[in-house]
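Note sheet for the following structure.
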Amino acid sequence: MTLNFADKPRFAITTPLYYVNGLPHIGSAYTTIAADVVARFYRLMGHSVLMITGTDEHGQKIQRTAEERGVSPQAHCDEFVAGFEHLWELLNISCDRFIRTTADRHQVIVNEFFQRVWERGDIYQGQQQGWYCVSCEEFKEERDLLTDQRCPIHTKQQVEWRDESNYFFKLSKYQDQLEQLYADRPDFIQPESRRNEVLSFVKQGLQDFSISRINLDWGFPVPTDPGHTLYVWFDALLGYITALQDPSDPPSLAAATAEWWPINVHLIGKDILRFHAVYWPAMLMSAGLPVPGRVFGHGFLTKDGQKMGKSQGNTLDPLALVHRYGPDAVRYYFMREIEFGKDGDFNETRFINVLNADLANDLGNLLNRTLKMAARYCEDRVPVIDPEAIPLDHPLAALGRSLGETVAEAYTHLAFSQGCTAILALVQASNKFLDDQAPWSLYKQGKQAETEAVLYAVLESVRQAAYLLSPVVPSLSNQIYTQLGFAVDFNQKDIGQQLSYGDHAAWGYLPPGQPLGVASPVFQRLELPELVASP
RNA sequence: GGCUCAGUAGCUCAGUGGUAGAGCAGGGGACUCAUAAGCCCUUGGUCGCGUGUUCAAAUCACGCCUGAGCCA
């Protein structure tokens, strides 16, 4: 299939490569949904898009977990990777590449990258002493430890004293270049608060960091010294590069970076900001590669206002959530209700209220009531009116005219909540417009032309809303477009070639006279969970 | 200890010098095309606390309190 992507630049976006120590948690689902929404929006605009996700599978923690479970590390990873792939399928994630860091081709890229950095003189052997938390895969300062040498993050786990020969990456050499990068490109780290954190961290002076471990089998050997194993983060970050290459092509760093590098957006949780905003660009500078476009560290999720965690016993299982409510509901809630970049809360009552109000009552019911009138009053067709004749000050047309741009601005800035709010404003205005105009009453008075003009404007507003919401709720948008008489699947990756963004994102596109589909609720109201009866 | 961000209605948040806002939730009403949806009206806030600057402060300054986070 040959696609014409015209003059639109390529767009590549990544989620983190998730550590497969366990099944995916809701935070991974949140990041992945957000990345998918951005990818879908760029596809809609007609860009050639590569959305990357995958798994990070090396390191001591996985080796130990596998040992505890009595399986080989590879078998352990295979099992849990399947859980990730399954969840992404259920959540309707349209990723283009799923990279596993245990892939053979990845090792080729890692070796080649290491070689470049080695030849640059940025790797040296040294002695690393200190307290090591296996769960963090990081050395800890003694002053940060809790009593009994427990890690402040993994509070049940004692850190281990390590005194070992390691290879180090000369991060300190890139201090000035990094500071220059942050100064030249203020958007490189987002949001602003995360950028401040990185700036203050870097300002304190960068130290070289260890990129190898000894006494660890589960990882790639250091090419120049196979007795050492590459530090999991060094190899994991490079997964982004490996993913850029078609898996069936012979792997090489040059080929992998030829087409899609540099990646436009790395979407990450705020916990791994330092690796992506400091270590990663320095590694790339050393290897002579351009740095990515943006690193966006989003917030964490709480449940009913409480921090989630296994030890707290209040985790939110993404699999259970999507089974219960479906992908669109889950996607919409997280995109609409949480300001991307800030921490956000999940509360089931709130979840149901938001979905019922926005998708069932406002949007779904709007389509349903209007379609049924169109069926009755307009012979099941889009009213035949001249869209050009709609006055400029028509309340819905006026809103719709600026909506496309507003929403594009929001999506490209990862302000999903703002985008959804703007779209819903048109939907709410349409409900009000219907009540104001009362086409059921106009029809009874025999005012056919007026009736049709009202119904056209509302159907068109629903269409525009569905189109602009399609990155967030693709299945819902499919249903709406179908009922409006289109034959379209927003899950198609070449959707931007099938539909003209210029036409569909604008208000006034709906073809007059187009036969309509059968009206049927597109989003069923959700029931509030039963309150536990008091004894 | 140093630094960053946040604190506005029951909930989620907008509002950066000029009479406190939106959505959701709660209460009431009129309508009937519709998923008991939608529409209209409405309850609800000494804008974390204090001091200062100003004709005027949610907004600016300083101090404090609370929460989240960063300091390898």
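Worth saying up front: this structure is predicted, and the values here are computed from it rather than measured. Within every chain, numbering begins at 1; the chains are lettered A, B, ... in the order of the sequence lines, protein sequences first and strands thereafter.
The stretch residues 458-480 of chain A does not touch RNA chain B, since none of its heavy atoms comes less than 4.0 Å from the strand.
Close to B:rC24, at under 4.0 Å from its OP1 or OP2, lies no side-chain N or O of A:N353. A sub-4.0 Å separation between OP1 or OP2 of B:rC71 and a side-chain N or O of A:R274 is present. Neither OP1 nor OP2 of B:rA37 sits under 4.0 Å from any side-chain N or O of A:K372. Residue A:K444 places at least one side-chain N or O under 4.0 Å from the OP1 or OP2 atom of B:rC33. Residue A:R525 places at least one side-chain N or O closer than 4.0 Å to OP1 or OP2 of B:rA37.
When each of B:rG69, B:rG23, B:rU32 is scored by its nearest atom to the side-chain atoms of A:Q428, the top-ranked nucleotide is B:rG23. With distances taken from any side-chain atom of A:Q524 to the nucleotides B:rC3, B:rA72, B:rU35, the minimum falls on B:rU35.
One finds no salt bridge joining A:D208 and A:K173 here, because no Lys/Arg side-chain nitrogen approaches an Asp/Glu carboxylate oxygen to under 4.0 Å.
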>> Could you spell out the base pairing of RNA chain B as a dot-bracket line? Use Watson-Crick and G-U wobble contacts where both distances are under 3.5 Å, [ ] for crossing pairs, | for partners on a different strand.
In response: ((((((((.[[[[.)..(..]]]].((((.........)))).....[[[[[..)....]]]]]))))))).
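For B:rC60 and B:rG7, the P atoms lie 11 Å apart once the distance is rounded to whole Å.
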Are any protein N/O atoms closer than 3.5 Å to N/O atoms in nucleotides 4-12 of chain B? If there are, list each pair with its distance.
| unit_1 | atom_1 | unit_2 | atom_2 | d |
| --- | --- | --- | --- | --- |
| B:rU4 | O3' | A:N196 | ND2 | 3.4 |

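Within the nucleic acid shown, A:V198 has no heavy atom closer than 4.0 Å to any nucleic acid atom.
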